Engineer: 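Handing you a structure now.
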Amino acid sequence: MRLVSTRGQAVAASFCDAVARGIAEDGGLYVPASVTPLPRKFFDAAGGRPLRELAFDLARHLLDGEIPDRDLETIITRSLTFDAPIRMLADDLGVLELFHGPTLAFKDFGAQFMAHTLAWLNREASTKRHILVATSGDTGSAVAHAFHNVEGMHVILLYPSGRISTVQELQLTTLRGNVTALEIAGTFDDCQRMVKEAFADAELRTRMQLTSANSINIARLLPQSFYYVGAWAQRPDRSRPVEFSVPSGNLGNLTAGILAMKAGLPVRKFIAAVNANTALPRYLATGTTAPVPAIATLSNAMDVGDPSNLARLRWLFGDDRDLLGSVLHSASFSDEQTRAAIRSVYRCYQYVLDPHGAVGYCGLEHVRSAASSGSLGIILETAHPAKFLDALDPEIRSSVHVPARLRAALEGEKRSVRLSPAFAGFKEFLLHTTFS
Ligand SMILES: *Cc1c(COP(=O)(O)O)cnc(C)c1O
């Protein structure tokens with residue numbers, strides 16, 4: 001696999017180099033220089049095949065021999081220890097449940113694959129690798145769990161103080177061991193900027209082996225394309241064209257879906273459903289990419305004012321908004337609409353959506369029209385509702401089963417280090433802390 005930078009100034013990298021670097025030398029994001037589609041018969045024959053097999057075939061195709069088959073199979077077997085089932089609510093409406101991993105959110109897919117890929121890359125190294133992650137909630141816990149107790153790795157998480165749920169915070173701050181949680185007095189965008197500054201800092205880069213685990217790392221992005229193919233393989237009525245509604249923030253999940261489509265997956269349309277943070281619909285409507293401050297909403301893992309993966313999306317479509325608009329529709333929904341969607345889905349189908357999935361549902365409702373009749377709309381349900389109980393009405397809340405692995409985190413004791421959003425203090429901390 002050959003990857004180039006979205007800024008076009010860095011030399012092309014192999015998949016393994018891009019994983020180890022995280023971000024390209026010119027500050028851009030790595031993106032596949034080209035994606036060859038798999039033959040249509042691969043998708044025609046996908047029906048009923050298990051996710052792990054499909055993931056292996058797709059990864060093998062995309063990586064083009066860079067990781068030997070046996071090792072790739074091991075990486076996939078170790079990462080995909082959980083499934084991504086579709087719950088059909090109606091003939092034309094399915095929910096792809098992406099919350100069956102260790103931290104109950106879809107970020108487990110990317111985090112697990114990345115951890116096992118890095119462990120494989122690092123198999124002969126003697127120096128410790130430091131994984132830096134800015135998190136708006138779910139990324140951090142997924143990455144922390146994926147790397148927890150992995151030899152030779154230390155995870156440093158940055159999260160915006162007071163802007164994530166209590167449950168999310170406990171999932172981040174109760175692991176200990178090789179995981180350090182930094183509580184930043186700022187927003188997610190501050191956390192993301194601090195991580196980017198760390199990677200751009202020559203002194204830090206020579207003194208520590210820094211690796212990114214944000215959705216900017218290609219190893220986080222790639223495995224998120226697997227479950228789109230998995231969803232396709234599970235659809236009960238194979239004559240219906242498929243539309244995916246993706247609740248979106250930093251646009252990693254959406255970009256992975258686009259990669260799956262470029263790899264040949266027949267998708268009629270993507271719907272990128274966003275909350276009050278409207279960078280993507282604004283870009284599609286006006287072409288502007290000027291960052292704006294993040295706005296706090298109910299679907300807080302999508303509170304991103306300046307989504308990193310917009311650069312990848314633009315690159316993949318040659319910065320042609322009309323071309324992007326031909327496969328993608330994006331719309332924004334308020335917290336009020338999100339709450340109403342949770343109630344309505346519960347009433348109609350006795351199914352509980354979390355606020356992120358509910359934004360996805362709004363997207364499907366809003367965008368589907370006569371033109372999409374006959375299609376199967378699939379909502380990506382990105383988190384388990386038990387992670388966001390506060391957002392639910394009491395009646396709905398009482399019907400949610402809280403999984404045991406979540407209850408365990410809730411009983412732990414929070415431990416974090418508080419820092420200001422200034423880069424200098426963060427750098428100081430990195431250089432002068434001895435990590436276990
Ligand atoms: C991160 C996250 C999102 C947004 O995904 P992006 O890839 O950043 O667009 C949506 N829902 C949940 C629960 C998340 O954790």
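Ligands are counted one by one from 1 in listed order, and the atoms in each one are counted from 1 as well. All values below were derived from every heavy atom in this structure, side-chain atoms included, with hydrogens, water molecules and symmetry-related copies excluded. In this text the structure is predicted, and so the values were computed from the model without any measurement.
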Engineer: Output the list of atoms in ligand 1 that are nearer than 4.0 Å to some heavy atom of A383, sorted by atom number.
Structural biologist: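 Those atoms are 13 (C).
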Engineer: Do the ring centers of F109 and F82 come within less than 6.0 Å of each other?
Structural biologist: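 Ring centres of F82 and F109 closer than 6.0 Å.
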Engineer: If I take atom OG1 from residue T139 and atom CG from residue L158, how far apart are they, to the nearest 0.5 angstrom?
Structural biologist: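 The OG1 atom of T139 sits 12.0 Å away from the CG atom of L158.
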Engineer: Of all the atoms in ligand 1, which lie at a distance below 4.0 Å from a heavy atom belonging to P247?
Structural biologist: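 Checking each atom against P247, I get 4 (C), 10 (C).
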Engineer: Return a yes/no value for N253: is any of its N or O atoms, backbone included, closer than 3.5 angstrom to an N or O of ligand 1?
Structural biologist: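 Between N253 and ligand 1 (N or O atoms, distance only) the closest approach is under 3.5 Å.
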Engineer: Applying a heavy-atom cut-off of 4.0 Å, say which part of K107 lies close to ligand 1: side chain, backbone, both or neither.
Structural biologist: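 For K107, the contact with ligand 1 is made by the side chain alone.
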Engineer: Would you say A105 touches ligand 1, if touching means a heavy atom closer than 4.0 Å?
Structural biologist: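 So A105 does not count as touching ligand 1.
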Engineer: For ligand 1, which part of T382 has a heavy atom less than 4.0 Å away: the side chain, the backbone, both, or neither?
Structural biologist: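 The part of T382 near ligand 1 is both the backbone and the side chain.
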Engineer: Going by the angle between their ring planes, with limits at 30° and 60°, are F270 and Y228 parallel, tilted or perpendicular?
Structural biologist: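 Perpendicular: the ring planes of F270 and Y228 meet at over 60°.
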Engineer: Closer than 4.0 angstrom: is that true for some heavy atom of L251 and an atom of ligand 1?
Structural biologist: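 It does, in that a heavy atom of L251 comes within the 4.0 Å cut-off of ligand 1.
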Engineer: Would you give the length of the straight line joining atom CD of E25 to atom CZ of R7, rounded to the nearest 0.5 angstrom?
Structural biologist: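 One finds 13.0 Å between CD of E25 and CZ of R7.
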Engineer: Where do A18 and L3 come nearest, in terms of heavy atoms and distance?
Structural biologist: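 Between these two residues, the closest heavy atoms are CB-CD1, 3.8 Å.
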Engineer: Using a 6.0 Å distance limit plus a 45 degree cone around the ring axis, check whether K262 lies over the aromatic ring of F317.
Structural biologist: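 Here K262 passes the 6.0 Å and 45° test against F317.
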Engineer: Would one find an N or O of N250, backbone or side chain, under 3.5 Å from an N or O of ligand 1?
Structural biologist: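 Yes, N250 has an N/O under 3.5 Å of an N/O on ligand 1.
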Engineer: Given the side-chain rings of F147 and H154, with only the six-membered ring counted for Trp, is the space between their centroids under 6.0 Å?
Structural biologist: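 Aromatic pair excluded; centres sit 6.0 Å or further apart.
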Engineer: Within the structure, is a non-hydrogen atom of F99 found at a distance of less than 4.0 Å from ligand 1?
Structural biologist: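 Not so, F99 does not reach ligand 1.
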Engineer: Mind checking whether G252 has an N or O less than 3.5 Å away from an N or O of ligand 1?
Structural biologist: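 For ligand 1, there is an N or O atom that lies under 3.5 Å from one belonging to G252.
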Engineer: Of all the atoms in ligand 1, which lie at a distance below 4.0 Å from a heavy atom belonging to M302?
Structural biologist: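 Going through ligand 1 atom by atom, the ones under 4.0 Å from M302 are 3 (C), 4 (C), 10 (C).
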Engineer: Between atom CG of L353 and atom CD of E381, what is the distance when rounded to the nearest 0.5 Å?
Structural biologist: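 Here the interatomic distance stands at 5.5 Å.
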Engineer: Consider every N or O of D354 and every N or O of ligand 1, then say whether any pair is closer than 3.5 Å.
Structural biologist: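 Such a contact does not occur with ligand 1.
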Engineer: Between the side chains of R60 and D57, is the shortest nitrogen-to-carboxylate-oxygen separation below 4.0 Å, so that they form an ion pair?
Structural biologist: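 Looking at R60 together with D57, the answer is no, because their closest N to O distance does not fall below 4.0 Å.
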Engineer: At a 4.0 Å threshold, what atoms of ligand 1 neighbour a non-hydrogen atom of S248?
Structural biologist: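 Counting atoms of ligand 1 from 1, those under 4.0 Å from S248 are 9 (O).
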